[in-house]
Amino acid sequence: MRTTPVPELPEVEVVRAGLQRWVAGREVASVEVRHPRAIRRQEGGTPQLVAGVKGRVVPCVSRRGKYLWLPLLVPGHPVPEAALIAHLGMSGQLLIEPTGAPDERHLRVRFGFADGGRELRFVDQRTFGGLWVTDLVPDGAGGRVPREVAHIARDLLDPRWDETSVVRTVRRRDSEIKRVLLDQTVASGIGNIYADEALWRARIHGRRPARSLTAAQIRELLGHARDVMEQALAEGGTSFDSLYVNVNGQSGYFDRRLSAYGREGEPCGRCSTPIRREAFMNRSSFWCPSCQRAPRGRAAVRR
DNA sequence: CATAGATCCTGTATGC
DNA sequence: TGCATACAGGATCTAT
């Protein structure tokens, strides 16, 4: 095992697509909460979660960034007013399992369906993730999104992604470029792994002030972020050990393609300089000290 | 308001 | 062997 698995946008999209296939059109019949922390963001707790989903039909499965949600349709009504929203956190899984299959060690919530077919399970070792029912609100573009998603920016794979607007936002931020990449209100879906990969591909050091980059450099950087996520998506999601599995229980294998993340001491794929690692925001950054030149001290911060 | 840092959580790896 | 500690990190909350 290299390190911990963390679902980012490609992994969440893999889960979304799997759920779409397995639960679309089905009516929820039951909910069993096995660990209260998994629904800590649910207003009204378990009773309100049960009331919100029982008897509702799931027409489709949607996603923005790392959030995904199941709209909840009251039979006979044309439009859903609420949704079951899910965030996988660091170790969350949404699994489709045959009824009666043995419980997973970290099973947190189980959903049964009226057709008696396979059930939906939320399994989460570290319990940073969670599920809850929330209102759908206007997204400002004619659609509707869960209340908690409204403040998150569109992601790089969104058909309505507006690159010119995002580049402008990035250049206005008074912060280091990696922090900006990780800010979900600027562009959603980029986590620590893909931020490091995009920076490596673009030959940009994560501590460079965002304002020191040209618009062209930011466009290139975002393009690399999109490319690496699309590659991961095509291969079924990144995986570091058996903890991350997609909705059908199969691990992805994209980790073998990562160039910087998790490769401390290994030779850079371009110049063979050993990849460096440093603590950053209570996590780690990996970069090539030769290809990605560090900014000079704090001189870039003007006073 | 914008930005930085602390915090939550537990299995795994490592050190003494 | 057993115990303690470090580490993984997204989103949220608090502080500045």
Side-chain angles (χ1 to χ4, degrees), chain A residues 1-13 15 34-43 63-69 85-94 104-109 122-132 134 145-153 155 168-197 206-212 225 229 237-245 255 258 260-265 277-286 298 300-303:
Chain A
M1 188 190 89
R2 189 188 306 280
T3 180
T4 194
V6 176
E8 293 194 27
L9 186 151
E11 293 77 14
V12 178
E13 173 57 22
V15 172
R34 301 286 299 272
H35 195 303
R37 185 171 157 80
I39 63 152
R40 65 196 180 283
R41 297 184 69 181
Q42 173 67 59
E43 185 185 344
R63 180 190 61 74
R64 176 180 288 189
K66 287 171 269 196
Y67 281 98
L68 59 83
W69 65 93
I85 187 171
H87 197 291
L88 302 178
M90 294 175 60
S91 54
Q93 300 169 256
L94 283 165
E104 291 76 8
R105 174 127 96 110
H106 302 292
L107 175 64
R108 307 305 190 197
V109 186
F122 180 64
V123 176
D124 190 11
Q125 173 198 111
R126 271 161 272 191
T127 64
F128 272 44
L131 298 167
W132 64 101
T134 188
V145 294
R147 182 185 310 284
E148 292 82 352
V149 169
H151 76 289
I152 301 292
D155 61 63
R168 201 179 324 131
T169 302
V170 170
R171 295 197 72 199
R172 278 200 293 249
R173 298 297 292 266
D174 181 19
S175 187
E176 297 164 354
I177 185 61
K178 182 170 177 183
R179 287 178 177 277
V180 178
L181 285 180
L182 293 174
D183 187 334
Q184 305 296 297
T185 67
V186 175
S188 67
I190 305 175
N192 198 45
I193 299 169
Y194 295 116
D196 278 0
E197 290 302 297
R207 287 207 174 281
R208 289 277 303 277
R211 295 201 288 202
S212 74
M229 290 199 291
T238 299
S239 172
F240 296 94
D241 62 27
S242 60
L243 240 181
Y244 174 74
V245 294
D255 60 303
L258 297 178
Y261 184 85
R263 297 200 177 278
E264 181 182 22
R277 167 187 169 177
E278 77 170 2
F280 171 80
M281 292 174 76
N282 284 336
R283 51 208 60 146
S284 294
S285 287
F286 298 88
R298 301 284 169 190
V301 181
R302 105 167 47 132
R303 43 171 296 154

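Chain A is the first sequence line, chain B the second, and so forth, proteins listed ahead of strands; every chain is numbered from 1. Keep in mind that this is a model prediction, so the values were computed, not measured.
Under the 3.5 Å distance criterion, the side-chain polar atoms of A:R108 are matched with a main-chain donor or acceptor of A:D124. One N or O on the side chain of A:E8 and one on the backbone of A:G191 form a donor-acceptor pair closer than 3.5 Å. At distances below 3.5 Å, at least one donor-acceptor pair connects side-chain atoms of A:S91 with backbone N or O atoms of A:R126. Side-chain N or O atoms of A:N192 include one that pairs as donor or acceptor with a backbone N or O of A:S284 at under 3.5 Å.
If you measure from atom CD of A:E8 to atom P of C:dG10, you get 6 Å, rounded to the nearest angstrom. A:E264 has its CD atom 17 Å from the P atom of C:dA6, to the nearest Å. Between A:R37 atom CZ and C:dT12 atom C1' the separation is 11 Å, expressed in whole Å. Rounding to whole angstrom units, CE of residue A:M90 and C1' of C:dA11 are separated by 12 Å. Between A:R126 atom CZ and B:dT10 atom C1' there is a gap of 7 Å when expressed in whole angstrom units. Between the CD atom of A:Q125 and the C1' atom of B:dC9 there is a distance of 9 Å, given to the nearest Å. In this structure, A:L182 places its CG atom 7 Å from P of C:dG10, rounding to the nearest Å. The separation between A:Y194 atom OH and C:dG10 atom C1' is 15 Å, rounded to whole Å.
Screening A:R64, A:K66, A:R63, A:Q184 against A:D155 for a side-chain hydrogen bond (donor to acceptor under 3.5 Å, both in side chains) leaves a single residue, A:R63. Under the side-chain contact (heavy atoms from CB on, under 4.5 Å) test applied with A:F122, the options A:L107, A:L88, A:I39 reduce to a single match, A:L88.
Considering only side-chain N and O atoms, A:H87 lies nowhere under 4.0 angstrom from the phosphate OP1 or OP2 of C:dG10. Residue A:H151 places at least one side-chain N or O under 4.0 Å from the OP1 or OP2 atom of C:dT12. Using a 4.0 Å cut-off, no side-chain N or O of A:Q184 falls inside it from OP1 or OP2 of C:dG10. In this model, the phosphate group of C:dC7 is not approached by any side-chain N or O of A:S284 to a distance below 4.0 Å at OP1 or OP2.
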Nucleotide-resolved protein contact map, nucleotides 1-7 of chain B, B/S/- at heavy-atom distance under 4.0 Å: --SSS-B

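Closest to the side chain of A:R277, from the set B:dT12, B:dC9, C:dA8, is C:dA8.
Taking A:F286 as the reference, A:Y261 meet the ring pair (Phe, Tyr, Trp, His ring centres under 6.0 Å) condition, with sequence neighbours excluded. Scanning for salt bridge (charged side-chain N to carboxylate O under 4.0 Å, His left out) contacts around A:R208 gives an empty result, with sequence neighbours left out. Applying the ring pair (Phe, Tyr, Trp, His ring centres under 6.0 Å) test to A:Y67 and every residue at least two apart in sequence or in another chain returns A:H87.
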Secondary structure string for DNA chain B (Watson-Crick or G-U under 3.5 angstrom, | for other-strand pairs): .|||||||||||||||

Would you list the protein and nucleotides 14-16 of chain C atom pairs, both N or O, that sit under 3.5 Å from each other?
none

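Heavy atoms of A:Y67 sit under 4.0 angstrom from primed sugar atoms or phosphate atoms, though from no base atom. Counting any heavy atom pair closer than 4.0 Å across all strands shown, A:R40 reaches no nucleic acid atom. Residue A:H35 is classed as having no contact, given no heavy-atom separation below 4.0 Å to the nucleic acid.
Distance check, rounded to the nearest 0.5 Å: CZ of A:R207 to OG of A:S212 gives 13.5 Å.
Annotation for A:L9 and A:S188: closest pair CD1-O, 4.0 Å, computed over non-hydrogen atoms.
No more than 12 heavy atoms of other residues, nucleotides or ligands lie within 6.0 Å of CD in A:E43, so this atom counts as exposed by the packing criterion.
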